[in-house]
Amino acid sequence: MLIFNNTTSSSSSFLLTAFPGLELAHVWISIPVCGLYTVALLGNSIILLAIIIERSLHKPMYYFLSMLSVVDLGLTITTLPTVLGVLWFHAREISIRICLIQMFFVHCFSFLESSVLVAMAFDRYMAICSPLKYATFLTDMMSFVIGLIICIRQVVFIFPSVMAVNSVSFQGGQELSHPFCFHPDVIKFTYTNPWISNFWGMFLQFYLNGTDLLFILFSYILILRTVLSIVAPKKQQKALSTCVCHICAVIIFYVPMITLSVAHRLFSSTPRVICSILANMYLLLPPVLNPIIYSLKTKVIRRAIYRLLQFKGPRDYSVRNLRGRWDRRRQFSST
């Protein structure tokens with residue numbers, strides 16, 4: 001998929017960068033990075049399989065969690081080839097067209113994750129603030145409709161941006177700040193004035209992610225007001241405990257994303273090493289931590305994963321069958 005030519009560059013390609021100044025240690029740095037990618041791929045795949053196989057998890061809350069796992073898998077797979085290519089093989093060159101394709105998927109999955117987090121906040125709002133309407137309103141069909149609206153929203157806002165970027169000419173041979181293609185980083189190397197494209201990208205990000213974040217905050221204000229009106233402290237704690245995982249997912253997604261975007265667009269003097277660290281946090285923190293948090297804090301998910309990983313072969317089945325026959329014979333003989 002990607003065309004790598006080590007450190008050579010041409011007018012139709014960019015040069016990727018992993019950790020500036022630490023090129024000699026890339027092989028050692030790749031060990032924890034590869035471990036994080038493995039955790040992200042395995043963790044999200046296991047949660048997705050557990051939700052698909054376990055019928056007791058066929059509920060709106062877990063449907064949205066499966067959407068989150070799919071988005072995290074997509075974001076991980078999108079950046080995996082270039083990140084490991086730079087760290088393992090010093091393969092820095094990437095063609096401009098492939099770079100634009102990767103940039104599209106990176107931002108598309110990022111906006112999708114933000115929208116899925118909004119859907120999960122709405123699910124928590126309905127479950128706590130309107131528990132009587134929860135089962136009748138958030139049906140399987142309504143969950144499917146919400147997922148469809150999320151996808152349509154991305155197409156409506158992302159497609160015009162793709163057409164606009166596709167018509168722009170870029171200065172090839174430039175060095176990017178990350179081991180993947182990020183819009184604020186790429187748009188600096190256009191022949192035309194990058195201010196308009198940069199402003200549009202910032203407006204799009206703050207409009208989509210900003211409205212999503214405001215909706216999440218508003219949902220939790222209503223949730224907190226409902227929880228504080230509950231008299232029993234145990235019921236308050238139980239209601240809030242169902243939101244802990246989602247709050248953690250919101251924090252680990254929005255904080256690195258906003259910090260990286262602001263560092264690129266508003267602070268041009270930000271050291272490249274800091275930008276590189278922020279970029280890797282932005283890429284790896286949500287896909288790695290989301291499955292860990294949900295599997296540790298949610299008993300139903302933990303039990304489903306345990307049943308999924310528990311091996312029950314034909315030998316175990318035959319042993320149980322023989323034991324059952326032996327017990328029946330003993331009961332029959334005793335009578």
Side-chain angles (χ1 to χ4, degrees), residues 36-77 109 112-128 130-151 219 223 235 237-250 252-253 285-321 323-324:
L36 291 174
Y37 270 109
T38 304
V39 171
L41 291 172
L42 289 178
N44 287 287
S45 299
I46 290 173
I47 284 186
L48 186 60
L49 286 174
I51 294 174
I52 292 173
I53 294 173
E54 189 66 32
R55 300 186 69 87
S56 61
L57 298 180
H58 292 179
K59 298 176 182 178
M61 175 182 177
Y62 303 110
Y63 288 151
F64 296 137
L65 178 58
S66 66
M67 295 179 193
L68 187 66
S69 296
V70 170
V71 172
D72 284 338
L73 282 172
L75 186 61
T76 302
I77 294 171
F109 283 121
L112 278 172
E113 182 149 359
S114 179
S115 299
V116 172
L117 290 174
V118 172
M120 297 174 80
F122 178 69
D123 171 81
R124 291 299 84 209
Y125 164 76
M126 289 295 298
I128 295 175
S130 302
L132 298 178
K133 298 180 181 179
Y134 180 78
T136 56
F137 182 78
L138 273 180
T139 59
D140 293 350
M141 179 57 66
M142 180 57 66
S143 302
F144 173 78
V145 170
I146 291 174
L148 187 62
I149 291 173
I150 289 173
C151 295
S219 299
I223 289 172
K235 291 185 178 180
Q237 185 179 0
K238 185 178 179 180
L240 288 176
S241 64
T242 61
C243 303
V244 172
C245 295
H246 181 255
I247 292 172
C248 293
V250 170
I252 63 177
F253 172 73
L285 274 186
V288 170
L289 294 182
N290 283 339
I292 295 175
I293 292 171
Y294 274 95
S295 60
L296 290 178
K297 296 293 294 183
T298 310
K299 290 183 179 179
V300 183
I301 293 291
R302 191 163 60 248
R303 291 172 184 171
I305 293 174
Y306 177 75
R307 284 194 290 268
L308 178 66
L309 298 178
Q310 192 176 23
F311 179 76
K312 295 182 179 181
R315 182 179 177 182
D316 297 332
Y317 176 79
S318 61
V319 169
R320 291 196 304 270
N321 196 13
R323 286 180 179 175

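Remember, it's a predicted structure, so these values are computed and weren't measured experimentally. Counting begins at 1 with the first residue of the sequence.
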Any idea which heavy atoms bring [X] and [Y] closest together, and the distance?
X: Pro286; Y: Glu113; value: CB-OE2, 3.5 Å
X: Ala50; Y: Ala304; value: CB-CB, 4.2 Å
X: Cys245; Y: Tyr294; value: CB-CE2, 3.5 Å
X: Leu73; Y: Leu41; value: CD2-O, 3.7 Å

- Task: Determine, stepwise, if the pair Tyr63 / Ile146 fulfils side-chain contact (heavy atoms from CB on, under 4.5 Å).
- Result: CA-CA 11 Å; Tyr63 288 151; Ile146 291 174; over 6 Å; no
- Query: Checking side chain to side chain contact (heavy atoms under 4.5 Å, CB included) against Leu112, which of Val71, Leu75, Leu117, Asp72 comes through?
  - Reply: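 Among Val71, Leu75, Leu117, Asp72, the one that satisfies the side chain to side chain contact (heavy atoms under 4.5 Å, CB included) with Leu112 is Val71.
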About how many Å separate [atom2] of [Y] and [atom1] of [X], when rounded to the nearest 0.5 Å?
X: Phe253; Y: Leu289; atom1: CZ; atom2: CG; answer: 14.0 Å
X: Gln237; Y: Thr242; atom1: CD; atom2: OG1; answer: 11.5 Å
X: Ile252; Y: Leu285; atom1: CD1; atom2: CG; answer: 6.5 Å
X: Phe122; Y: Met142; atom1: CZ; atom2: CE; answer: 8.0 Å
X: Ile51; Y: Ile301; atom1: CD1; atom2: CD1; answer: 4.5 Å
X: Ile47; Y: Asn290; atom1: CD1; atom2: CG; answer: 8.0 Å

- With side-chain contact (heavy atoms from CB on, under 4.5 Å) as the test, would you mind laying out the steps for Leu240 and Ile128 before giving the verdict? CA-CA 9 Å; Leu240 288 176; Ile128 295 175; over 6 Å; no
Residues that [X] engages under side chain to side chain donor-acceptor pair (under 3.5 Å), provided they are two or more places apart:
X: Tyr134; result: Asp123
X: Ser115; result: Arg153, Gln154
X: Asn44; result: none
X: Ser114; result: Asn209, Asp212, Tyr254

- Please, which pairs that meet salt bridge (charged side-chain N to carboxylate O under 4.0 Å, His left out) have at least one residue in residues 46-66, sequence neighbours excluded?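 Output for this query lists Glu54-Arg307.
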- Item | Selection residues 293-306 - residue pairs positive for salt bridge (charged side-chain N to carboxylate O under 4.0 Å, His left out), sequence neighbours left out |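 Qualifying pairs, neighbours excluded: none.
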Whether the side chain of [X] engages the backbone of [Y] through a donor-acceptor N/O pair (distance < 3.5 Å, no angle test) should be reported.
X: His58; Y: Ile52; answer: yes
X: Thr298; Y: Ser295; answer: no
X: Ser241; Y: Lys238; answer: yes

